[in-house]
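Report on the following structure.
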2 protein chains.
Amino acid sequence: MPPKISSLTDHERPSVAIDLVLLTVRDRTLHVLLMRRPDQGETWALPGGFVRIADSIEATVERVLRDKARLPGAFVEQLYTFGAPDRDPRGRVISVAHYALAPAERLEDAVCASPDLTLAALVVAPDGAITATLPDGAAATLAFDHGAILAQAVQRLRGKLDYTAVGLELLPELFTLRQLQEAHEAILGAPLAKPAFRRKMLDRGFLRPTGQFETGGAYRPAELYTRG
Amino acid sequence: MPPKISSLTDHERPSVAIDLVLLTVRDRTLHVLLMRRPDQGETWALPGGFVRIADSIEATVERVLRDKARLPGAFVEQLYTFGAPDRDPRGRVISVAHYALAPAERLEDAVCASPDLTLAALVVAPDGAITATLPDGAAATLAFDHGAILAQAVQRLRGKLDYTAVGLELLPELFTLRQLQEAHEAILGAPLAKPAFRRKMLDRGFLRPTGQFETGGAYRPAELYTRG
DNA sequence: AGAATAGTGTCTCTCAGACAGTATCTT
DNA sequence: AAGATACTGTCTGAGAGACACTATTCT
């Protein structure tokens, strides 16, 4: 019997999980959805779940998105697979990390529906280190290597902003160019020039004007756009 | 006992493997290292191996690189994790795919040392589909989902060419700008303008002139550069 | 001398950043 | 009318592509 086949049956196998970095923008600040971990003291964790033997990775992500974050159908992309032998003290767990984006309202609904969820603001230090700040102002202690996963998700998102329409996933159906620019600025942590931002977005054809305008504002209403 | 803990012990666990897309440039064409699979008929596969329970993913990659491809220390980066339940007919195997780059000479040495290895040229069809062509001119039949893994590796490499010095990994210690340009052109499948290419490479500081010149050429010798 | 390639100078076009200006809405 | 914001026109500088030119080596 060739050794390759025997490896399938003989060797002890690790558990495989997925973890989800669910990001949104609220109050001009990037936020992440965290779950309370009662078994780990006052630490917080990214929503996650084990990959069952008959499920694909994508199906597992969708299940976690539905059951733990109550956000089926959000934008998701695979991020990186973390497999250090000691990353989870409970045993050997390899985690296929994903990041997901959703409008703030949808995440707020999810947080209201479950007392174990919270939205933590991401504060970027001058040296680039990221701190997740809980609503009470305290810094969240993250379980396992979830801090590293979070940092990598933010980095990936920043890189994708330049050449994709990924920022649109953070906004509701109809939005103004100012909202989109504020979302970009929140992710990049730096201000952007308005005229250049407008031209770039419109020239690329990622969005389409609707002819409708925002209401309720104190000043001149801006036009509403949608994905196009 | 909370359900999270029980998942670690109760559930049936998948096998986890790594697969390696080992790329190089030879004769102005991108090539990939393939292994013969006697148990799968006349099909070819990417070098790979199972992640042992106490090994990290990186250690597994290094082991495969050393034992199967005989190329320790090559440039490697994680690519994507493939986890469709039916991707391997022998059982449930989740594969963390990586891609690696090495100079052609080093890969040719590895191929000479092992009769189960070959270098297949990657021919890109007008529609973008990639065919691995064996030295005898026949198209290689790839095992499992290795065709999809290969395609994704090429796509990632193309994207990285623009903003990183990743092309240098494909060349020997000393190289000319023409060699570097030919490597880029082989990966992109399109010709590049010489002056623009020179300026970009030199301005970015990725490489450093050595003052030495190539020898044995039929015409004017070009200066040799190295990483810097 | 001629051929082939190495390497450079210059023009243009595109695009991002910056600034200032005009337009339109609310109070 | 005043004030605030939406939206636009224009200048400038950086960088890529195209082209032509000079430089150097071998036959």
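The chains referred to below are lettered A, B, ... by the order of the sequence lines, with proteins before strands, and numbering in each begins at 1.
- Rounded to whole angstrom, the span from the CD atom of B:Gln179 across to the P atom of C:dA6 amounts to 10 Å.
- A side-chain donor-acceptor contact under 3.5 Å links B:Arg87 to the backbone of B:Val93.
- Protein atom CZ of B:Arg204 is 11 Å distant from nucleotide atom C1' of D:dA16, rounded to whole Å.
- A donor-acceptor contact shorter than 3.5 Å links the side chain of B:His146 to the backbone of B:Leu46.
- B:Met201 has its side chain within reach of B:Leu207: a pair of non-hydrogen atoms, C-beta onward, lies under 4.5 Å apart.
- Between the CG atom of B:Asp162 and the C1' atom of D:dA16 there is a distance of 11 Å, rounded to whole Å.
- Proximity of a side-chain donor or acceptor of B:Glu185 to a complementary backbone N or O of B:Ala190 within less than 3.5 Å is not detected.
- Distance, B:Leu177 CG to C:dT5 P: 16 Å, rounded to whole Å.
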Checklist entry - What string of B, S and - do you get for nucleotides 17-27 of chain C 5' to 3' if you count protein non-hydrogen atoms under 4.0 Å? => result BBB---BBBS-
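- In this structure, the side chain of A:Glu214 does not engage the main chain of A:Leu224 through any donor-acceptor pair within 3.5 Å.
- Nucleic acid contact for A:Arg198: base, since at least one base atom lies under 4.0 Å from a heavy atom of the residue.
- Proximity of a side-chain donor or acceptor of B:Arg158 to a complementary backbone N or O of B:Ile187 within less than 3.5 Å is detected.
- Residue B:Arg178 places its side chain closer to C:dT5 than to any other of C:dG7, C:dT5, D:dC7.
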Checklist entry - Taking it one step at a time, do B:Thr60 and B:Val16 satisfy side-chain contact (heavy atoms from CB on, under 4.5 Å)? => result CA-CA 10 Å; B:Thr60 307; B:Val16 178; over 6 Å; no
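- DNA chain C lies under 4.0 Å from no heavy atom of any residue of residues 164-172 of chain B.
- Between the side chain of A:Thr29 and the main chain of A:Val25, no donor-acceptor pair closer than 3.5 Å is present.
- Rounded to whole angstrom, the span from the CG atom of B:Leu202 across to the P atom of C:dG9 amounts to 12 Å.
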Checklist entry - Stepwise, does the side-chain contact (heavy atoms from CB on, under 4.5 Å) test hold for B:Leu142 with B:Leu34? => result CA-CA 9 Å; B:Leu142 293 185; B:Leu34 295 178; 3.8 Å; yes
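- Distance B:Glu223 CD to C:dT5 C1': 15 Å, rounded to the nearest Å.
- Protein atom CE of B:Met201 is 16 Å distant from nucleotide atom P of C:dT8, rounded to whole Å.
- The distance between atom CG of B:Asp203 and atom C1' of D:dA14, rounded to the nearest whole Å, is 11 Å.
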